[in-house]
Structure formats: structure tokens, C-alpha cells
Amino acid sequence: MRFKSFLKGSFRARSVAFLLFLIALAPINSSMAEEGLAIDPVVEQLIKQEKYEQAYDVLLKDGRNGNASSLTLAGDLVINGAVKGVRPEEAIALYLDATSKNEVESMMRLAFIFKNGFGSIKPDAIKEVQYLQMAANRSHAIAYSALGWVQMTSRDNRIQNQPAGLKNIKKAIDLGSPYGIVRLGEAYWQGMAGLKRNQIVGLALYEHGKSLGVEGSEPAIEDRSKEVLSLQDVKVSYQKLRKDLKSMPYEKALELHFQANPAHFDYRSVQPKK
């Protein structure tokens, strides 16, 4: 999966442009805003002026005075290699300090780090899940989505739990995360967690979530979408569902779709993969 599923970028980007993007307060719309950290205007200006060490000093001082969010932002500067004389790996201590003070975005950074590994830290799925759960417990919508998908797809018996994963993905949607909508679409596309495999529903949810601001793509879906929509009846049903998803809660849109289309659709039964 190539989606930036719970952070707006890669720690390996090593660019200040990425940093500003990561901490930008840019809601998708008034009813569906992604989590983010507020940044002090003084710090923001220092970063824009490429005065990273000064910005770091301000954030570190503020963090030591009790502002856990500043510790997280200081860690962002460090992990992007923007602070001379401070190794990127030292950001981990800042994130851990912020996490100990219940700062939720630091939990998300740590989950990302343990998902992919960083520096001397090797990927650790158990710790990834632990930090995602910590963030989800604090109502972080993207954490619910990421946690749910890990539970749905992990091959580790200690982690895999598709019913719980589906529940967490739906919780992410309830909290306003378009990532949850995309993940639910993937679950329908693949027929996971007891859901009947249905490419019309899967594709409609997937495209609806992307239209709300999710970046990236899933080739397994996009490479087959033209084939799925090549049948006129399917295309009509898909377009109706997309329209309903824009105008009503997704549960109601799906209810109407299933009432009108009681037979689930699996493209493999119509047009086998060549």
C-alpha cells in the first residue's frame, strides 16, 4: 500500500519542504480535518528563513517549559537533518519525551518509525501497534485507520484481528478520516473481515476517500478499475453510489446500494483476469 497512511510524508524525505508540509494546518474541509500540530508564528518564520537552529532552540526551550507539542516539532526538525550538530536519530528521544507527556502526534511519529525503521532502529510491528493504539485511545482518527489496517493485513498472529481492524477503520471514518474510507474500500475490494468481495463498493469508497484528500494510489485497485467499469450496468451502479457517498453518511449510501443490488459483484465471475 503506497498511501501515506498516517503521516503526511516520509521521514526519509530529509527536506524542510516536507517538514513545513508535515506541520501545516490545512484541513481538508470544515467537517473533515486531519490531525496536526499548531506551530508558533515565530518558529514558522524562522523555518521559512532557514534559521533551523534558532527554531530548534525556541522549540526546545518551550518544550522544557511544559509544551509537549514543541518537543514533537523539535524532533521533526532533527529527524529531517535540519539542525547542525544534532544527529537525526536523536529525534527519537524528543518524541519519547513528548509521548510521556501524552502528546499524540509524537506517538504517530514513533509508530511510523517502528513501522519502517530508522537509523539503528529496526522495524518492530508490535511497537508500531502499541504506539498506534496509544494515539487511537486519544481519538486520533488516522491512528484508528492505520491501526485497523495493520490488524486487517498483518500475518503476525499477535497482531492480526480482522474484526477489530474493521471496527477501528469504521471508527476512523466516524472521526472524520478519509483514510478510513479508503481502507474500507480496500476491505470490500478484497473481501476482508467477513465482507463480501464487492468491487463496485470497494472502488466507490476508494475513490470517494481519495477525493477527500488522501494521497497516493493502490495499483491493485486502479489497475483493475477500468475492467470493473467496462460493464454498463456496473458503471451506472458505481456512479450512483459515488453520488450518494457525497450527499449522505456512508452507511446510508451503502444500505441503499445493497437494497438496489442484492447480489454482490466480483469482477472475477464476469471477466476473469487475463
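All residue numbers refer to positions in the sequence shown, counting from 1. The figures here come from the full heavy-atom set of this structure, side chains too, leaving out hydrogens, waters and symmetry mates.
Smallest separation of non-hydrogen atoms from G75 and A91: O-CB, 3.3 Å. Closest heavy-atom contact between G209 and P178: O-CB, 3.7 Å. Of all heavy-atom pairs spanning A253 and L241, the tightest one is O-CD1, 3.7 Å. For the pair A136 and A143, the tightest heavy-atom approach, listed with the atom from each and the gap, is N-CB, 3.7 Å. Of all the heavy atoms in A193 and M152, the pair that sits closest is CB-SD, 3.8 Å. Shown here for V43 and A55, the closest heavy-atom pair between the two residues is CG1-CB, 4.1 Å.
Looking at heavy atoms from C-beta onward, L256 lies in side-chain contact with M248 at the 4.5 angstrom threshold. Residues I169 and Y144 are not in side-chain contact: their nearest non-hydrogen atoms beyond the backbone lie 4.5 Å or more apart. Residues W189 and Y206 are not in side-chain contact: their nearest non-hydrogen atoms beyond the backbone lie 4.5 Å or more apart. Between Y250 and H208, every side-chain heavy-atom pair lies at or beyond the 4.5 Å cut-off. In this structure, N261 and I200 have side chains that are not in contact, with every pair of non-hydrogen atoms separated by 4.5 Å or more. Q199 is not listed as a side-chain neighbour of R224, based on a closest heavy-atom distance of 4.5 Å or more. Side-chain contact between H140 and E105 is present, with heavy atoms from C-beta onward closer than 4.5 Å. You'll find the side chain of L73 stays beyond 4.5 Å of the side chain of L77, heavy atoms only.
In summary, the side chains of Y95 and D76 do present a donor paired with an acceptor at a separation below 3.5 Å, with no hydrogens or angles considered. In summary, the side chains of E103 and T72 do present a donor paired with an acceptor at a separation below 3.5 Å, with no hydrogens or angles considered. No hydrogens or angles considered: a donor-acceptor pair under 3.5 Å links the side chains of Y238 and R242.
Interatomic distance, CG of D174 versus CG of N168, reported as 11.0 Å (0.5 Å rounding). Distance check: M107 CE to S100 OG gives 9.0 Å after rounding to the nearest 0.5 Å. One distance of note links NZ of K210 with OG of S217; it measures 6.0 Å at 0.5 Å rounding. Atom CD1 of I142 sits about 13.5 Å away from atom CG of L147, to the nearest 0.5 Å. Q162 CD to L195 CG: the interatomic distance, rounded to the nearest 0.5 Å, is 9.0 Å. Expressed to the nearest 0.5 Å, how far CG of L205 lies from CD of E186 amounts to 11.0 Å.
Heavy-atom contacts from other residues, nucleotides or ligands closer than 6.0 Å to CZ of R138 number more than 12. Counting non-hydrogen atoms of neighbouring residues, nucleotides and ligands closer than 6.0 angstrom, the CG atom of D233 reaches no more than 12 such neighbours.
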Practice item. Decide side-chain contact (heavy atoms from CB on, under 4.5 Å) for R158 and V129; before the verdict, give the C-alpha distance in whole Å, the side-chain angles of both, and the deciding distance to 0.1 Å. Key: CA-CA 10 Å; R158 297 171 298 174; V129 167; over 6 Å; no
Review point. Hey, mind stepping through I181 and V214 against side-chain contact (heavy atoms from CB on, under 4.5 Å) and telling me if it holds?
Key: CA-CA 10 Å; I181 297 173; V214 173; over 6 Å; no
Point to revise | Pair V58-D40, side-chain contact (heavy atoms from CB on, under 4.5 Å): steps then yes or no | key: CA-CA 10 Å; V58 172; D40 185 281; 5.8 Å; no
**Study point:** side-chain contact (heavy atoms from CB on, under 4.5 Å) between Y131 and K115, worked out
**Key:** CA-CA 10 Å; Y131 284 113; K115 176 181 179 63; over 6 Å; no
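L94 pairs with exactly one of T99, L60, V86, I79 by the side-chain contact (heavy atoms from CB on, under 4.5 Å) rule, that one being L60.
A salt bridge links D244 with K240: the distance from a Lys NZ or Arg NE/NH1/NH2 to an Asp or Glu carboxylate oxygen falls below 4.0 Å.
No chain of hydrophobic side-chain contacts below 4.5 Å, direct or via other Ile, Leu, Val, Met, Phe, Trp or Tyr residues, connects V236 to L229.
Between F258 and Y188, the ring planes lie tilted relative to each other; the angle falls in the 30° to 60° range.
Partners of K101 according to the salt bridge (charged side-chain N to carboxylate O under 4.0 Å, His left out) rule, which considers only residues two or more places apart in sequence or in another chain, are D97.
In terms of modelled atom types and a separation under 3.5 Å, the side chain of Q160 and the main chain of R155 share no donor-acceptor contact.
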